[in-house]
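Take a look at the structure below.
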Amino acid sequence: MIVALDLDCFYASVAIRARPHLKDKPVVIVQKHLCVTSNYVARQRAHGAVQKMTPVSKAKAACPDLVLIDGSDLTPFREANQQVVASIREWLAEKIALACTRESTGSFQCPCQKLGFDEVFIDLSRIVQSEMEFGKRPWRFEGHVFGRTDDDDERRLLMIASQLVKELRDRIIADTKLGLCAGISTSKLLAKLAVNMHKPNDQTIFLPSDAARYVGALPPRSLPGFGHATGMKLEDWANRNGRNELKFARDIVQNFGMTSEGLVSLGKILGSKDYARKILALCHGEDDAPVVDSGTAYKSITSMDSFRKCDTMESVRARVNERLDDLVTRLRKDWEVNKRRPRTLTVGYRFKGNGFHGSARAVPMPCEIVSLCSKNGAHVKKAAFSALQTASLRILAEHAGVAASKQFDLTWISIGASNFSKCADLEKEKQDNLTLANFFESRSQVDQDQRAQHRKRKTQEHDNVQVSKTEADTTPCPVCGEVTLGNLREITAHVDLCLRRGAKNKTGKKRRTSANTLRVDSFFSKQ
Ligand code: DCP
Ligand code: MG
């Protein structure tokens, strides 16, 4: 029971939430003279002329009263995303707690995976299962129903899932004042396809029995998980081999079939048999990818930007500095909330003429980041900034050939921090290192102490021997009980002899060996 959530005209909704007077006006969010999204009023008013990535001039021509809002600062969108995820997690926690109480079981998890800023997948299976057993839910779907199912249990489970999702959406809207759509089905692929079927502020249930036919009729590139590069490789292969155009997903299935031979040849084209299997399954409407919980914090923090021209070292430095200003501030904020530090720095770049084809290089984080992400980090931002700047420029020089002596024209840069460690771990690591350092530092002292103790022990032993000797003079042999013994060596030799001889004690009785041994032991322990 997988749910895909997608916020409606996300950037525009966040911007309008902060400016309620714009609620009924056509609004677009602008980044570098392009409309990155628009609210639904603008979409209707401009009859499709303000699609994502439309130049502002064109959008304005189609809808003159368009309100333009600058969207270059992503902070409000990031924060809104966190509010949405917090609301989802709170709702999930309540449902899980209820299920655990009803079932008298230990707690469980319903994974929640973020995808970009405004999409989330949730695996609701476990809660739905509990509701099926204890929930007394009505026998109906909540939302639009697409497709059909031959399985009554599946139908019932999807009904319950749709009712739960309606509750969840209502909760998110109440908590965040942001509208959203949901797709509900039995895989991430079908849930994601369903989410776009009725927009805005609505939900669709995709019953999966006819999924293969439906998906087969879609262009392969519209399938989530079917990347741009995959499309290029397949088109190239089709052209070279005079095959029909691979226009629909079913054409890929027909060309390669679901046989092992087909899999091998597709694997050769795509570079991996596993990936080929995944692509064939996708084109057939099947997807067994699990929802992997993203945790509460971002896996990486990246600042990126694209531009028309960046062909001098001065402009590269300026672009890098802009990214680092943003990154350093966000890393510091992240430390305040999550108490963690990144260990890896990644710099990505694209050159003019390479389209979306870019490269990236990862290196260990400069150690100045440790000071930035610590208690007094707010005061050492400059040091972290300049260490990151040196590292980033070095990567660009060494791996991208971005240097004063060379010709280049960059169109995109990204600088990211990832591979985070909780500071508790780092503190422990530090503590362990300290302990180790202390150990080695104090080792010489320990050695000295031990040597002194050793000397003392030797002296005591010597004294003890003297004492023993004195006591032994008056101690009878534990075996024969009669002989007056001398020093330790003489005692041992005498007792050995007595034991070998099976000597009798004073009373004339021959002692049992075990008893002898006991007596001898206690004798020596006394010594
Ligand atoms: N975005 C962007 N550049 C793009 C596409 C999108 O910066 N080329 C941003 C703006 C969007 C946000 O990402 O608000 C989410 O993208 P969606 O594709 O989900 O679009 P919206 O949420 O805006 O609209 P919809 O209601 O169609 O989901
Ligand atoms: Mg959206």
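Atoms within each ligand, like the ligands themselves, are counted from 1 in listed order. Nothing here was measured: the structure is a model prediction, and the numbers come from that model. We use all heavy atoms of the structure for the numbers below, so side chains are in, but hydrogens, waters and symmetry mates are not.
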#### Entry: Taking every non-hydrogen atom, the tightest pair across T302 and R330
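Looking at all heavy atoms of both residues, the closest pair is O-NH1, 3.0 Å.
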
Examine [X] relative to [Y] and say whether NZ or CZ is less than 6.0 Å from the centre of the six-membered ring and inside a 45° cone about the ring axis.
X	Y	value
R340	F420	yes
K114	Y298	yes
K333	W335	no

#### Entry: Metal site angle (apex the Mg ion (ligand 2)), OD1 from D6 and OD2 from D118, 10 degrees
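Rounded to 10°, it measures 90°.
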
### Query
If you measure from each non-hydrogen atom of I29 to ligand 1, which part falls under 4.0 Å: side chain, backbone, both or neither?
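Within the 4.0 Å criterion, I29 makes no contact with ligand 1.
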
### Message
Heavy-atom distances under 4.0 Å decide this one: backbone, side chain, both or neither, for R43 against ligand 1?
### Response
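Just the side chain.
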
### Query
Of the listed options (M53, K52, Q31), which comes nearest to atom 8 (N) of ligand 1 when hydrogens are ignored and any heavy atom counts?
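Comparing heavy atoms across M53, K52, Q31, the nearest one to atom 8 (N) of ligand 1 lies in M53.
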
### Query
Just going by heavy-atom distances, which of F117, F10, Y40, Y11 is nearest to atom 13 (O) of ligand 1?
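Closest candidate by heavy-atom distance is Y11.
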
### Query
Does at least one non-hydrogen atom of C9 fall below 4.0 angstrom from an atom of ligand 1?
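In this structure, C9 qualifies as a contact of ligand 1 - some heavy atom is under 4.0 Å.
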
### Message
Does ligand 1 come near enough to D118 that some N or O of the ligand is less than 3.5 Å from an N or O of the residue?
### Response
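In this structure, D118 places an N or O atom under 3.5 Å from an N or O of ligand 1.
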
### Query
So, is T37 polar-close to ligand 1, with some N/O to N/O distance under 3.5 Å?
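The answer is yes, given that T37 and ligand 1 share an N or O pair closer than 3.5 Å.
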
### Task
State plainly whether the residues R171 and E94 are in salt-bridge range, i.e. N to O under 4.0 Å.
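Yes, charged N to carboxylate O under 4.0 Å.
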
### Query
Are more than 12 heavy atoms from other residues, nucleotides or ligands located less than 6.0 Å from atom CD of Q51?
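Check fails, neighbour count at 12 or below.
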
### Greater than 12 external heavy atoms within 6.0 Å of R308's CZ
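Counting other residues, nucleotides and ligands, CZ of R308 stays at 12 neighbours or fewer.
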
### Task
Please could you name the atoms of ligand 1 that K199 approaches to less than 4.0 Å, counting only its heavy atoms?
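Here the atoms of ligand 1 in question are 25 (P), 26 (O), 27 (O), 28 (O).
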
#### Entry: 2.8 Å cut-off met by an N, O or S atom of L7 to the Mg ion (ligand 2)
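Yes.
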
### Task
Hey, can you tell me if F10 and F117 have their rings parallel, tilted or perpendicular (30° and 60° cut-offs)?
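Rings of F10 and F117: perpendicular, over 60°.
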
### atom 2 (C) of ligand 1 [closest protein heavy-atom partner, distance rounded to 0.1 Å]
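Scanning the protein heavy atoms, the shortest distance from atom 2 (C) of ligand 1 goes to V36 CB, 3.8 Å.
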
